[in-house]
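Just so we're on the same page: letters track the sequence lines, and every chain starts at 1.
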2 protein chains.
Amino acid sequence: MRKFVSEHQSPYLDLTTEVSDILYRGHSQFQDIIVADSKEFGRMLVLDGVFQTSIKDEFMYHESIVHIPLFLHPNPKKVLIIGGGDGGAAREAVRHPEVESVTMVDIDGQVIELSKKYFPEISKAILEKDPKLTVKVGDGIAFMREAENYYDVIIVDCSDPVGPGEGLFSYDFYKDTFKALKEDGLFVQQTESPFMHRKLVKDIFDCVSDIFPITRLYTAFIPLYPSGMHCFTMGSKKYDPLAWEPNRKRTFPTKYYNEGIQKSAFVLPNFVKDLLYGEKER
Amino acid sequence: MRKFVSEHQSPYLDLTTEVSDILYRGHSQFQDIIVADSKEFGRMLVLDGVFQTSIKDEFMYHESIVHIPLFLHPNPKKVLIIGGGDGGAAREAVRHPEVESVTMVDIDGQVIELSKKYFPEISKAILEKDPKLTVKVGDGIAFMREAENYYDVIIVDCSDPVGPGEGLFSYDFYKDTFKALKEDGLFVQQTESPFMHRKLVKDIFDCVSDIFPITRLYTAFIPLYPSGMHCFTMGSKKYDPLAWEPNRKRTFPTKYYNEGIQKSAFVLPNFVKDLLYGEKER
């Protein structure tokens with residue numbers, strides 16, 4: 001009998017892929033978890049019915065959320081990842097020679113354990129106990145509240161703003177993120193699709209703009225996610241991605257990211273500019 | 001009872017949207033045709049089970065396939081559109097003041113008639129009998145065979161390379177396209193997704209590279225299409241999009257296109273470069 005997993009990308013839109021096997025189906029303290037071998041995307045992680053990552057396209061997401069902020073910062077030594085339990089963001093962050101420490105705080109230890117078991121390629125840095133990496137199971141919101149003037153780059157690699165990820169999309173959280181960053185620090189968060197989640201994208205952009213002197217949005221192609229057009233919101237205290245020039249040589253190969261993408265990711269279609277900055281005749 | 005339309009984006013992947021109404025379901029001489037009001041994408045055209053266009057995202061496709069080649073050419077007077085029966089490409093092309101004539105050749109007159117009836121926003125230039133526009137119902141391949149040294153820009157706005165669109169993805173067709181263009185002409189074709197249709201994208205790129213001195217690929221976000229990551233292949237006799245500088249002022253507003261997109265659309269992620277140019281350590 002053929003088996004399928006589906007995501008309700010919206011109340012009116014489903015993406016469904018055939019799977020050869022469902023390897024794990026269970027509940028953690030926080031969410032429903034499915035690990036399945038899909039015929040389209042390879043092995044997939046599904047949390048609360050939402051496709052989180054897949055072997056086939058995870059590089060597009062993880063390289064976008066990590067390398068763009070880390071190459072914007074001229075000397076990122078201390079990195080904090082909130083969420084990111086699959087380990088993909090940590091894997092990319094430790095590749096930067098400038099990075100001295102990566103602290104990863106995910107609320108759901110079971111996601112971390114399942115990733116180590118089922119996604120060794122993604123959780124590589126965790127599995128291999130990379131000496132730069134510290135993994136903490138805990139509440140990212142509480143962790144952020146305690147941190148002050150410490151991090152160069154913070155990456156909020158969260159799930160959608162329902163369920164455990166909800167508090168990571170709030171004014172107070174962004175205030176604490178600002179406080180946790182050094183005086184030239186910057187943060188980035190995955191913020192869904194500017195095509196499908198217009199209100200969320202606009203609300204977060206306005207909220208971050210209230211707190212950070214520089215707020216920018218960038219996009220990436222992520223086939224697994226609704227509309228395939230995904231965006232990331234960046235708040236920065238000093239460095240503006242629109243003024244970026246190469247500041248050091250990249251010392252490792254990448255599959256999505258390159259120096260052209262570092263700039264072009266911030267070039268927004270007019271309908272996205274209109275959403276963020278108000279409509280003008282363009 | 002709830003109603004849905006689905007596209008099998010691959011043998012293993014379905015995209016399904018709820019529809020409030022199916023307005024038309026029939027067969028032309030060439031293909032199955034559905035017009036439906038979807039709750040996610042607004043009104044949609046479906047040909048042979050493949051989602052062709054929707055009210056909500058058609059601007060992303062039509063502006064990408066038209067404005068990028070037309071703004072690359074410094075003085076595009078004569079434009080040919082092969083396919084494009086919905087009229088969206090023609091609508092965008094006639095907006096350029098430099099354009100003197102747009103000839104559109106679609107094999108399926110029924111698609112044109114249904115677009116006039118059900119998609120007046122898209123088929124606007126046809127409906128309003130724009131004086132620059134000539135609409136022909138006929139075989140684009142045969143039409144191209146007869147043309148010589150005449151067009152500045154040719155836009156191949158075709159369906160997938162199965163069914164009536166098949167012959168539009170062939171060496172002979174590209175040879176005829178080269179012949180139909182003036183000595184500084186250029187053409188562009190929609191060529192599916194570099195994430196999902198890797199062999200097709202590579203084969204066409206190599207084929208066009210054999211014929212045209214300059215061959216480039218560019219991408220756009222098209223949520224309705226498989227993976228949301230769509231690409232267009234361009235063959236050009238003289239003008240290189242990588243060397244583009246603004247050559248005239250845009251005189252009309254756009255919703256997707258802007259001068260930043262004209263450049264950034266050609267910035268390719270490494271996995272796409274690797275597909276086209278061979279893998280290197282990046």
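- For R248(B), the CZ atom is densely surrounded, since the number of other residues' heavy atoms within 6.0 Å is greater than 12.
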**OP:** Before giving the answer on side-chain contact (heavy atoms from CB on, under 4.5 Å), spell out for E40(B) and Q9(A) the whole-Å C-alpha distance, their side-chain angles and the decisive distance to 0.1 Å.
**Re:** CA-CA 10 Å; E40(B) 188 64 42; Q9(A) 295 192 326; over 6 Å; no

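- Heavy atoms of P226(B) lying under 4.5 Å from chain A are absent altogether.
- Heavy-atom distances place no part of Y225(A) under 4.5 Å from chain B, backbone and side chain included.
- Crowding of F4(B) atom CZ: a count of heavy atoms from other residues, nucleotides or ligands under 6.0 Å exceeding 12.
- With rounding to the nearest 0.5 Å, the separation of OG in S264(A) from NZ in K263(B) is 12.0 Å.
- Contact annotation for E63(A): neither backbone nor side-chain heavy atoms come within less than 4.5 Å of a heavy atom of chain B.
- Across every non-hydrogen atom of N258(B) and L268(A), the tightest pair is ND2-O, 2.9 Å.
- For K132(B), the NZ atom is densely surrounded, since the number of other residues' heavy atoms within 6.0 Å is greater than 12.
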**OP:** Evaluate the ring-ring contact (aromatic ring centres under 6.0 Å, His included) criterion for residues F221(B) and F195(A): first the C-alpha distance (whole Å), next the side-chain angles of each, then the deciding distance (0.1 Å), finally the verdict.
**Re:** CA-CA 10 Å; F221(B) 292 103; F195(A) 182 78; 9.9 Å; no

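- In Y239(B), the OH atom is crowded: over 12 heavy atoms of neighbouring residues, nucleotides or ligands sit closer than 6.0 Å.
- The part of F41(B) that comes within reach of chain A is its side chain, from C-beta onward, which places non-hydrogen atoms under 4.5 angstrom from that chain.
- Residue contact with chain B, scored on non-hydrogen atoms closer than 4.5 Å, is absent for F266(A).
- Counting heavy-atom pairs closer than 4.5 Å to chain B, the top-ranked of the candidates L13(A), V267(A), V19(A) is L13(A).
- Taking every heavy atom of both residues into account, N270(A) and Y257(B) meet most closely at ND2-O, 3.0 Å.
- Residue K56(B) touches chain A through both its backbone and its side chain, counting heavy-atom pairs closer than 4.5 Å.
- Residue contact with chain A, scored on non-hydrogen atoms closer than 4.5 Å, is absent for A265(B).
- Note on ring orientation: taking the six-membered ring where Trp is involved, the planes of Y256(B) and F271(A) are parallel (angle under 30°, cut-offs 30° and 60°).
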**OP:** Kindly determine whether M60(B) and M229(A) satisfy side-chain contact (heavy atoms from CB on, under 4.5 Å), including the steps that lead there.
**Re:** CA-CA 12 Å; M60(B) 303 167 84; M229(A) 180 182 202; 4.0 Å; yes

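- The distance from atom OG of S227(B) to atom CG of D57(A), rounded to the nearest 0.5 Å, is 9.5 Å.
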